[in-house]
Amino acid sequence: MKDIVRRYSQNPILTKRDVPYPVETVHNAAVVRHGNEYIMLFRSHLRTGRSIIGLARSYDGFNFSVAPQPFLIPDRDGPFAEYEEFGVEDPRVTALDGEYLITYSAYSRNGVRIALARTKDFERVEKLSLITEADYRNVVIFPEKINGLYARLDRPHSEIAPWSIWISYSPDLRYWGDSQLVMRPQQYHWDEMKIGPGAPPIRTEQGWLSIYHGVFRTMSGSVYRLGIALHELLNPAKVIGVSDQWILQPEAPWETTGYVPNVVFTCGAVPEPDGSVKIYWGGADSVMCVGEANIAELISMCLHQSRPPK
Ligand code: BMA
């Protein structure tokens, strides 16, 4: 069968050997267009096991060079310090109203929360607010306000229900509410254990295209794959269709083997004017990879090969 996501022939595109400061991994990166560049914000483990976020730049979306210093590290004092003590992870970036909104996981002895930062130029970055309590991960902000409100997909943890994708809205990016569950894992399916938002949603004429991750538990650990869903433009709480099939699973050696084996995990995708989309993913929590897909084909999978979202 033909691949839905065509892997770049020179994957992995970024590894720890490309980073000029000491790190053990390069993975789970956000990527966004900024002027004529692609900016990548990537997560790296330090030897402590805690993570920081670095920055890399590219003119073609494939060849990246890493900035000499990390971009975002845990604060040592101020309101964020108490919640970032164990590291900052898995950034997502959304361009909105002339600035870039960055969400990331803030780990501490209090659990995992999501923090929001912003930048205009990827030179200076301002941490704005912690926008969830514990325990949440995978918050992606839509690139437009919807009915006058900011909107996000997120993934709370639960001991009662399988970990699912929710939506929340905000008038000011600080206070979030009107939360609803939009999609849950499907039993005896490739994403049956848990799902979470991956890349920030992409606007298409047919709806918001969301690339998410789904996890399947096996006798030798969990397998992380990528799937797709299409949400209504004016009411993204409504899922028009979820593809019954995944679009990417761990197959390359650096996806099946590494720090955490059998993981492809996305935090960013860049739609291109020719109708393609570059999807970026961390391989085995160790390296960064990229591949290309056709947006119309992804939408068609959501519409014509769908399973119920809940
Ligand atoms: C998830 C997150 C991701 C990671 C994945 C696989 O729960 O921690 O950052 O890539 O597990 O280890």
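Counting convention: from 1, in listed order, for ligands and their atoms alike.
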Checklist outcome for this item: heavy-atom search around atom 12 (O) of ligand 1 in the protein gives D285 OD2, 2.7 Å

Checklist entry - For H213, is the nearest heavy atom under 4.0 Å from an atom of ligand 1? => result no

Checklist entry - Nearest protein heavy-atom contact for atom 3 (C) of ligand 1: which residue, which atom, what distance? => result D90 OD2, 3.4 Å

Checklist entry - Among the heavy atoms of R155, does any lie under 4.0 Å from an atom of ligand 1? => result no

Checklist entry - Charged N to carboxylate O under 4.0 angstrom, R33 versus E272? => result yes

Next on the checklist: Tell me whether E89 has any N or O atom under 3.5 angstrom from an N or O of ligand 1.
Outcome noted: no

Next on the checklist: Could you tell me, atom by atom, which parts of ligand 1 come under 4.0 Å of a heavy atom of R137?
Outcome noted: 7 (O)

Checklist entry - Would you say Y107 and ligand 1 have an N/O pair spaced under 3.5 Å apart? => result no

Checklist entry - Between the main-chain N or O of L234 and the side-chain N or O of N147, is there a donor-acceptor pair closer than 3.5 Å? => result yes

Checklist outcome for this item: The atoms of ligand 1 lying under 4.0 Å from a heavy atom of F265, numbered in the order shown, are 3 (C), 10 (O)

Next on the checklist: I need the single residue from R225, R307, R184 that forms a salt bridge (charged side-chain N to carboxylate O under 4.0 Å, His left out) with D191. Which is it?
Outcome noted: R307

Next on the checklist: Using heavy atoms and a 4.0 Å limit, tell me yes or no: is H27 in contact with ligand 1?
Outcome noted: no

Item to check | Spacing of CG belonging to L298 relative to CD1 belonging to I211, to within rounding of 0.5 Å | outcome: 6.5 Å

Checklist entry - Counting each atom of ligand 1 from 1 as listed, which ones have a heavy atom of R43 under 4.0 Å away? => result 9 (O)

